[in-house]
Protein chains: 2
Amino acid sequence: MLRPEHYTDLADMFRLMGDPTRLRILYTCIDAPTCVGDIARGLGLSAPLVSHHLRLLRGARIVRAERRGKRVYYTADDEHIRAVLADMGRHVREAGAGLKVA
Amino acid sequence: MLRPEHYTDLADMFRLMGDPTRLRILYTCIDAPTCVGDIARGLGLSAPLVSHHLRLLRGARIVRAERRGKRVYYTADDEHIRAVLADMGRHVREAGAGLKVA
DNA sequence: CAAAGCATTAAACAGTTATTTATATGTGTT
DNA sequence: AACACATATAAATAACTGTTTAATGCTTTG
């Protein structure tokens, strides 16, 4: 099974990826390090909002930050994160559309 | 990239797995089909609560239901779900404890 | 067919969380 | 050193969601 304290950590991971805005932010910087401003512009979001979400993602080690001059570049922390997204993507595609969530 | 409508589906998946109670329920029936009552007893939860969460998980095709007599047995829908949990588990273990989420 | 067992549904409450707006911190430039 | 740029933080609001309680729906058994 799984150690109890890991449940909350795991759940936190999933919960953080479970917000549409955060997920779009994550996808924007999944392949190449991208700075806050570019993410914000690319998605049509305010910089504070993007920064805030990135802080949460960073706190869970889902993304990693690196400062270059004035800008801070974010990218996915490790391959497991990419693997998770890939597998979940496959699931959604195979399970097909028409998910009733509500 | 990813088709826009998939973002919400993907986010829904993660969001659903992002609740500690739901995640524990999912883990309980991940390997072998388990009925609502057994899940509830095993986790010390009420049957209505477990049933409610299973309905949400089922709506997203995260679990699959099968009726056998009076009981309804639930289990993980496909291998992708198990793969996602395995990868995320590895990430949490490697990233180590001390995640600052708040 | 009535009763009991198991699961589901519905509605109300309580707690949490994403977003906005305003302010502050850091970094490089003139 | 002052300015401009990029990011980060804080507080307030508004929307959402998990849990509880009570009632309803299916299946088999007596």
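Order of the sequence lines fixes the chain letters, A, B, ..., with proteins taken first and strands second; residue numbering starts at 1 for each chain. Computation of the quantities below employed the complete heavy-atom set of this structure, encompassing side-chain atoms and omitting hydrogens, waters and symmetry-equivalent molecules.
- Protein atom CG of B:Asp19 is 10 Å distant from nucleotide atom C1' of D:dT19, rounded to whole Å.
- Residue B:His53 places at least one side-chain N or O closer than 4.0 Å to OP1 or OP2 of D:dT19.
- Here the P atom of nucleotide C:dT19 and the CG atom of A:Leu54 are 13 Å apart, to the nearest Å.
- Comparing A:Thr21 and B:Val50 against DNA chain C, the residue whose closest nucleotide sits nearer the 5' end is B:Val50.
- Across all non-hydrogen atoms, the minimal contact from A:Met13 to A:Ala60 is CE-O, 2.8 Å.
- Across the protein-nucleic acid pair, A:Leu49 atom CG and C:dA22 atom P stand 16 Å apart, rounded to whole Å.
- Pairing each heavy atom of A:Val72 with each of A:Ala65, the nearest pair is CG1-CB, 4.0 Å.
- We find that CG of A:Leu56 is positioned 10 Å from P of C:dT17, with the value rounded to whole Å.
- For B:Glu66, the side chain to side chain donor-acceptor pair (under 3.5 Å) criterion is met by no residue, not counting sequence neighbours.
- Judged as a side chain to side chain donor-acceptor pair (under 3.5 Å), and not counting sequence neighbours, the contacts of B:His91 are A:Asp78.
- Between the C1' atom of D:dA8 and the OH atom of A:Tyr74 lies a distance of 8 Å, rounded to the nearest Å.
- Closest approach of B:Ala11 to A:Leu23, counting heavy atoms only: N-CD2, 3.5 Å.
- Residue contacts shown for B:Tyr73 are absent, as no nucleic acid heavy atom lies under 4.0 Å away.
- Going from atom CZ of A:Arg15 over to atom P of C:dT16 covers 11 Å, rounded to whole Å.
- A straight line from CZ of A:Arg24 to C1' of C:dT19 spans 14 Å, rounded to a whole angstrom.
- For the contact set between residues 32-48 of chain B and DNA chain D, defined by any heavy atom under 4.0 Å, the members are B:Pro48.
- Contacts classified as salt bridge (Lys or Arg N to Asp or Glu O under 4.0 Å) and involving residues 16-40 of chain B (residues at least two apart or in different chains) are given here: B:Asp38-B:Arg41.
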_Under 4.0 Å protein heavy-atom contacts per nucleotide of nucleotides 24-30 of chain C, with B for base, S for backbone only and - for none_ = ---BS--
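- Shown here for B:Ile81 and B:Ile62, the closest heavy-atom pair between the two residues is CG1-O, 4.0 Å.
- One finds the CZ atom of A:Arg61 at 10.0 Å from the CG atom of A:Asp9 (value rounded to the nearest 0.5 Å).
- Contact check, B:Arg71 against C:dG5: no side-chain N or O comes under 4.0 Å of OP1 or OP2.
- Using a 4.0 Å heavy-atom cutoff across all strands shown, B:His52 reaches at least one base atom of the nucleic acid.
- Considering only residues two or more places apart in sequence or on other chains, A:Arg90 meets the side chain to side chain donor-acceptor pair (under 3.5 Å) condition with A:Asp87.
- D:dG18 atom C1' lies 14 Å from atom CZ of B:Arg55, rounded to whole Å.
- Distances shown here put a side-chain N or O of A:Ser51 below 4.0 Å from the OP1 or OP2 atom of D:dA8.
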